[in-house]
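Here the structure comes first, spelled out in structure tokens, and everything after it is commentary.
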Amino acid sequence: MGTELSKAVVDGILTGGVYALMAAGLTLIFGVMEIINIAQGIFVVLAAYLSYVLQVHLGIDPFIGLLITMPLMFGVGVLIEWGFVRRLKAQNRSALSILVTFAIAIVIEGILTQFFSADLKTLTVWYVEKSVHVLGFYLPYIYLLGFVLAVVLLALLYLFLYRSRSGKSIRASMQNRAGAELIGIDINRVSALTFGIGAAVTAAGGMVFGATNSFNPNSGYDLISRLLVIVVLGGLGSIGGALVASVAALVIEDVTAVVWSPVWASTMFFAVLVVVLLIRPNGLFGRAEARAQ
């Protein structure tokens with residue numbers, strides 16, 4: 001039991017890091033634009049399919065393929081922000097964003113089904129099947145590599161937000177959108193950049209997801225439900241909160257599967273949200289006033 005419990009904790013941490021990467025884009029978009037991107041789950045699935053196409057048809061390793069898929073997903077995000085999100089009126093932005101991004105998710109799902117059918121796919125490379133012996137149990141290389149990738153990209157995202165001029169514009173918009181406009185920040189440019197980054201980070205998350213899970217065009221529904229739990233649990237708009245929440249939720253889920261029952265593992269993932277919100281309605285790192293208006 002001790003070894004199994006230790007493995008569950010390690011698996012939860014490693015998987016949680018990848019989920020944090022996917023959730024970071026979702027919470028960043030909300031923090032800047034005050035919209036809830038329901039399409040984030042299908043973005044992950046789309047990225048998994050892009051990695052699949054590059055690997056199967058062009059022989060490009062999924063990690064190398066990120067040099068292609070991340071810019072592509074960034075472009076998809078910018079295009080969607082310009083074509084759909086920017087048209088939403090400020091007074092109804094949050095409510096309408098749910099409907100618009102859900103519609104986008106349905107369209108992308110339909111396109112994927114048309115091209116790839118509903119059959120399950122998976123990425124198969126050597127580091128998916130190989131494992132390393134650690135602390136008395138075996139860990140697949142893909143989990144370790146995925147976690148390292150998530151840490152590196154989250155660190156780069158942090159440096160971008162806190163060290164670059166564009167990142168400072170994004171943080172200013174998160175703190176006070178109206179004030180940012182008053183000091184000359186181009187909100188439309190910031191919004192497009194934010195949505196693009198939010199979509200781009202799903203390229204990495206989608207690649208790891210596709211290598212560790214079978215997926216089809218319908219996989220986005222379970223993903224978005226989990227990502228929403230993570231961002232609400234961590235506090236809407238808090239990237240650090242998304243990291244802590246994703247690791248905590250995944251560890252609790254994996255430990256529950258070992259000490260109680262795999263049947264209750266997914267239930268505990270969502271039950272954690274209910275318990276935390278009863279104690280802290282704004283999430284672990286959320287504020288009572290998400291942003292000054």
Side-chain angles (χ1 to χ4, degrees), residues 20-40 42-44 46-47 69-105 153-205 227-228 230-232 234-243 283 285-287 289-293:
L21 185 62
M22 295 184 281
L26 181 60
T27 199
L28 182 64
I29 290 171
F30 176 85
V32 173
M33 305 171 65
E34 288 189 320
I35 71 167
I36 300 172
N37 180 23
I38 299 298
Q40 193 79 355
I42 200 66
F43 283 176
V44 175
L46 174 59
T69 58
M70 290 189 74
L72 282 176
M73 290 303 299
F74 179 86
V76 169
V78 170
L79 183 62
I80 289 175
E81 190 282 332
W82 176 81
F84 300 97
V85 178
R86 190 174 299 182
R87 272 62 177 172
L88 301 178
K89 295 183 179 180
Q91 60 268 32
N92 299 317
R93 178 181 294 270
S94 295
L96 290 176
S97 69
I98 297 175
L99 298 176
V100 170
T101 56
F102 180 72
I104 291 169
L153 290 180
L154 285 173
L156 291 175
L157 180 59
Y158 176 87
L159 290 174
F160 171 77
L161 290 174
Y162 285 87
R163 295 292 184 268
S164 71
R165 186 180 183 86
S166 296
K168 291 176 182 178
S169 297
I170 290 175
R171 289 193 295 116
S173 300
M174 292 178 72
Q175 294 170 7
N176 191 317
R177 186 182 181 91
E181 286 184 293
L182 288 175
I183 62 174
I185 292 176
D186 186 343
I187 292 298
N188 286 335
R189 177 182 173 276
V190 169
S191 296
L193 179 62
T194 301
F195 212 96
I197 293 173
V201 294
T202 63
L227 295 179
L228 287 172
I230 289 170
V231 298
V232 174
L236 288 168
S238 173
I239 295 178
L243 174 60
F285 296 92
R287 299 178 182 176
E289 60 285 347
R291 179 171 64 213
Q293 298 297 329

Flag, side chain of T101 to backbone of N37, donor-acceptor distance under 3.5 Å
no
Closest heavy-atom pair and its distance - A203, M73:
CB-CG, 3.9 Å
I239 versus Y158: any side-chain heavy-atom pair under 4.5 Å?
no
With F195, the side chain to side chain contact (heavy atoms under 4.5 Å, CB included) member among V190, V78, V85
V85
From L228, T202, I230, residue fulfilling side chain to side chain contact (heavy atoms under 4.5 Å, CB included) relative to L26
L228
Please check if the side chain of Q40 supplies one atom and the backbone of M22 the other of a donor-acceptor pair under 3.5 Å.
yes
Looking at every heavy atom in both L21 and A204, which two are closest together, and how far apart are they?
CD2-CB, 3.5 Å
With a 4.5 Å heavy-atom cut-off, do W82 and R87 have their side chains touching?
yes
Test log, rule side-chain contact (heavy atoms from CB on, under 4.5 Å), inputs L193 and F74:
CA-CA 8 Å; L193 179 62; F74 179 86; 4.0 Å; yes
Quick check on R86: does its CZ atom have over 12 non-hydrogen neighbours (other residues, nucleotides or ligands) under 6.0 Å away?
yes
Give, for atom CD1 of I38 and atom OG of S97, the distance between the pair rounded to the nearest 0.5 Å.
7.5 Å
Begin with the C-alpha distance, continue with both residues' side-chain angles, and end with the deciding distance and a verdict on side-chain contact (heavy atoms from CB on, under 4.5 Å) for L153 and V201.
CA-CA 8 Å; L153 290 180; V201 294; 5.8 Å; no
Under the side-chain contact (heavy atoms from CB on, under 4.5 Å) rule, what do I36 and F30 come out as? Steps first, then yes or no, please.
CA-CA 6 Å; I36 300 172; F30 176 85; 4.1 Å; yes
Would you check if L227 and F43 make a side-chain contact, meaning some heavy-atom pair closer than 4.5 Å?
no
